[in-house]
Amino acid sequence: MNLPPSSLPPVDPSEDPLWRRVWPAPAKLNLFLHITGRRSDGYHLLETLFRFIDIEPDEHHGGGSDRLRFVPRNDWTIARAHPLPGIGEESDLSLRAASRLHAAACAAGLPPPCGVTIELEKRLPQGGGLGGGSSDAATVLLALNRLWGLGFSNAALCAIGLELGADVPVFVAGRNAFAAGIGEELRPLDLPPAWYVVVAPDVAVPTAEIFRAPELRRDTSPLAANADLCAPGFGRNDLQPAAVARYPQIAACLAALESAVETVAPMERKLRGKSNLARMTGSGACVFAELPTGETARAVLRELSASASLPPAARAWRARGLPVHPLHGEPVEIFGDGSS
């Protein structure tokens, strides 16, 4: 993406250590996701609980958060260091986020920022419902706001993020949150510590396909103001039946994870009653189970491996629930983070 030409002073990244750091883009889970209606413009109204997670890297299955680096340029180009398979530049949310932020700076009368090359280390599966592209875009906004010295507020960055996608604002805001509307009405929540096992089937699910499903339930009643959103097994994912019907790999992963949790942690069944122990996140394809400790999550992973019940090429990881986005508030240690 080429920006309007102008004279720029040379940028020396050695002058600012922020240009040399790694910027994490964590995953998210939708602990529940209800569709409560549909607007006249086609956008769906939802209620969901966003939880940031840090996926533990595995030497066999990969994993970890996406990571970004930014290299300043002495011209006006915004570019990516490496192409993403199947994603053209016009669809690349990271490039679009940088371009929108640059335009907002110019519109606000700020000194035009320099160009930048974005290096994205993609670890989160695409089309997995973990918010990877949205998280990448949010990290671009948060990082370049600091690197370019723009000083935009979080509210201003959220407004830019909403133009890119409904999930971007929650990553920009930086707190686990209950979301309503099309995802832009955020109510921050302090969630209790938790661990998860996340399973990624070998399939990418197009979000639009699931939201277009004719059988999709769109009339879930809005939650009561006093609903206990953190109760074990609360809610459901209204998108899950449509995704499972179209992608049997998701159904197989749900069944395998459900069985592993029941074997390793039978008390979870008592806590959750009739609620499923495994659930899909977002529009899929990834599924997850919430567990009380890291050791329990590790035991569930061992059971999955021993039972050989996952479909071929499916990947499973242990993940830790994060109290906040790692670029907000107190420093949060990230698995494999080399930025500090």
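Just so it is clear, the model here is predicted, and its values are computed rather than measured.
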- [ ] Can you run down the salt bridge (charged side-chain N to carboxylate O under 4.0 Å, His left out) pairs that involve residues 183-194, sequence neighbours left out, and say none if there aren't any?
- [x] Arg175-Asp190

- [ ] Please check if Val198 and Leu49 belong to a single hydrophobic cluster, counting links between Ile, Leu, Val, Met, Phe, Trp and Tyr side chain heavy atoms closer than 4.5 Å.
- [x] yes

Task: Distance-only side-chain donor-acceptor flag, Arg73 / Thr117, under 3.5 Å - done: yes

Task: Ring-ring centroid check Phe50 Phe178, cutoff 6.0 Å - done: no

Task: From Leu239 atom CG to Asn30 atom CG, the distance as rounded to the nearest 0.5 Å - done: 8.5 Å

- [ ] Calculate, to the nearest 0.5 Å, the distance between atoms SG and OH belonging to Cys286 and Tyr196 respectively.
- [x] 14.5 Å

Open item on the list: Apply side-chain contact (heavy atoms from CB on, under 4.5 Å) to residues Tyr247 and Val205 and explain how you reach the verdict.
Closed with: CA-CA 8 Å; Tyr247 297 93; Val205 175; 4.0 Å; yes

- [ ] Mark yes or no for whether Asp238, through its side chain, and Ile35, through its backbone, hold a donor-acceptor pair below 3.5 Å.
- [x] yes

Open item on the list: With a 4.0 Å cut-off on N to O distance, would you call Glu268 and Lys270 a salt bridge?
Closed with: no

TODO: Mind running side-chain contact (heavy atoms from CB on, under 4.5 Å) on Leu120 and Asp66 for me, showing each step along the way?
DONE: CA-CA 7 Å; Leu120 171 58; Asp66 286 354; 4.2 Å; yes

- [ ] In plain terms, say whether Asp54 and Arg320 are close enough for a salt bridge, that is, a side-chain N and a carboxylate O under 4.0 Å apart.
- [x] yes

Open item on the list: Salt bridge or not between Glu303 and Arg298? Use side-chain N to carboxylate O under 4.0 Å.
Closed with: no

TODO: Starting at CG of Leu110, measure out to CG of Leu150 and round the result to the nearest 0.5 Å.
DONE: 6.0 Å

Open item on the list: I'd like to know if the side chain of Thr220 pairs up with that of Arg236 as donor and acceptor (distance under 3.5 Å, no hydrogens or angles considered).
Closed with: yes

Task: Spacing of CD belonging to Glu121 relative to CZ belonging to Arg67, to within rounding of 0.5 Å - done: 4.5 Å

Open item on the list: Taking Glu258 first and then Arg279, would you say they form a salt bridge - that is, a charged N and a carboxylate O separated by under 4.0 Å?
Closed with: no

TODO: Can you tell me which residue pairs pass the ring pair (Phe, Tyr, Trp, His ring centres under 6.0 Å) test with a partner in residues 199-229, sequence neighbours excluded?
DONE: His44-Phe211

Task: Charged tip of Arg21 within 45° of Trp23 ring normal and under 6.0 Å - done: yes

Open item on the list: Salt bridge or not between Lys122 and Asp136? Use side-chain N to carboxylate O under 4.0 Å.
Closed with: yes

Open item on the list: Let me confirm one number: the CZ-OG1 distance from Phe288 to Thr281, rounded to the nearest 0.5 Å.
Closed with: 6.0 Å

Task: Contact list for residues 194-206, test salt bridge (charged side-chain N to carboxylate O under 4.0 Å, His left out), sequence neighbours left out - done: none

Task: CG-CG distance between Asn145 and Leu157, expressed to the nearest 0.5 angstrom - done: 4.5 Å

- [ ] Classify the ring geometry between His34 and Phe32 as parallel (under 30°), tilted (30 to 60°) or perpendicular (over 60°).
- [x] tilted

Open item on the list: With a 6.0 Å cut-off (strictly less than), is the heavy-atom count around CZ of Arg146, excluding the residue itself, greater than 12?
Closed with: no

- [ ] Evaluate side-chain contact (heavy atoms from CB on, under 4.5 Å) for Leu277 paired with Arg269, printing each intermediate quantity in order.
- [x] CA-CA 7 Å; Leu277 298 174; Arg269 167 55 62 211; 3.4 Å; yes

